[in-house]
Amino acid sequence: MPTDDEKSPEGCIDNYLFQQWSIACRRYQKHLEKKPAEIIAYIADGLLEPCFVAWYHTNQSRIDAMTLDEYLEEFQKFALPRNWQTKVRDTILSSYQEGALFADWVVVVQNLNAQLKNTGSEHTLTDPTLKAHFKSHMRPDLRRKVDAKKFCFLELADWVAEVTELDKELAED
């Protein structure tokens with residue numbers, strides 16, 4: 001595990017770019033059918049940021065012996081700011097619909113939650129939690145309309161689709 005002295009400068013990479021890198025690494029492994037013991041040496045050559053190249057070359061023997069999951073976990077600890085997952089979750093939980101269309105706000109929140117989910121974060125919000133968040137943080141006029149409809153959809157996607165229609169109706173009025 002990297003020490004505080006080895007941490008990369010903040011701003012080199014963010015959680016979105018890390019997610020893209022991890023997806024690219026998994027696709028690379030899948031399509032090139034590399035053995036687990038070979039993959040890290042191949043993907044590490046794709047690191048172009050000087051701070052990441054230095055980190056890899058300094059620890060190359062140890063890193064090359066890792067599985068892809070171990071590598072991604074350690075790279076995440078090195079490359080991303082401490083508590084980034086907490087910050088993303090807090091951003092989600094402090095978001096309000098305000099003047100945005102409901103559907104646009106939902107996409108932003110779900111994309112942030114996907115960043116947590118795709119990195120295996122324990123901070124990922126479940127669908128029932130997201131639904132409760134959306135309901136309690138939507139505009140008051142939309143909330144009244146939603147409450148009057150008494151939706152009983154179990155699936156978040158169905159509920160979001162119905163609320164989006166209500167929001168469009170309010171926008172037309």
Minimum heavy-atom distance [X]-[Y], with the two atoms named:
X    : Y    : answer
V53  : L47  : CG2-O, 3.2 Å
I92  : N113 : CD1-N, 3.6 Å
S95  : H133 : OG-NE2, 3.0 Å
L156 : D127 : CD2-OD1, 3.6 Å
M66  : E70  : CA-OE1, 3.3 Å
T124 : S121 : OG1-O, 2.9 Å

Report the distance from atom [atom1] of [X] to atom [atom2] of [Y], rounding to the nearest 0.5 Å.
X    : Y    : atom1 : atom2 : value
S94  : R89  : OG    : CZ    : 10.5 Å
E162 : T164 : CD    : OG1   : 9.0 Å
I40  : D45  : CD1   : CG    : 11.5 Å
L142 : H137 : CG    : NE2   : 14.0 Å
L68  : I39  : CG    : CD1   : 6.5 Å
Q97  : K135 : CD    : NZ    : 14.0 Å

Exercise. In terms of side-chain geometry, is the basic nitrogen of K77 or E73 positioned less than 4.0 Å from the acidic oxygen of its partner?
Worked result: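 A salt bridge links K77 with E73.
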Problem set entry | Salt-bridge contact E165-K149 (side-chain N to carboxylate O under 4.0 Å) |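 No, no charged N to carboxylate O under 4.0 Å.
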Is it true that [X] and [Y] fall in one hydrophobic cluster, defined by side-chain heavy atoms closer than 4.5 Å?
X   : Y   : result
L17 : I43 : yes
W84 : L93 : yes
I23 : L32 : no
Y42 : W21 : yes

Do the non-hydrogen side-chain atoms of [X] and [Y] ever get within less than 4.5 Å of each other?
X    : Y    : answer
F78  : F52  : yes
P140 : R144 : yes
R26  : L72  : yes
V163 : F134 : no
R143 : S136 : yes
N15  : Q85  : no
W55  : E49  : no

Exercise. Could you go step by step and tell me if L112 and Y16 meet the side-chain contact (heavy atoms from CB on, under 4.5 Å) rule?
Worked result: CA-CA 9 Å; L112 288 170; Y16 177 76; over 6 Å; no
Problem set entry | H123: partners by ring pair (Phe, Tyr, Trp, His ring centres under 6.0 Å), with sequence neighbours left out |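 Once residues adjacent in sequence are excluded, H123 has no partner under the ring pair (Phe, Tyr, Trp, His ring centres under 6.0 Å) criterion.
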Problem set entry | Matching residue for W105 among Q110, R139, E98, M138 - test: side chain to side chain contact (heavy atoms under 4.5 Å, CB included) |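 Considering Q110, R139, E98, M138, a side chain to side chain contact (heavy atoms under 4.5 Å, CB included) with W105 is found only for M138.
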For this session: Answer yes or no: does atom NZ of K117 have more than 12 heavy-atom neighbours from other residues, nucleotides or ligands under 6.0 Å?
Result: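 Open: at most 12 neighbouring heavy atoms sit under 6.0 Å from NZ of K117.
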Exercise. Under 3.5 Å, side chain of D167 to main-chain N/O of F102, donor-acceptor pair present?
Worked result: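 A pair under 3.5 Å: yes.
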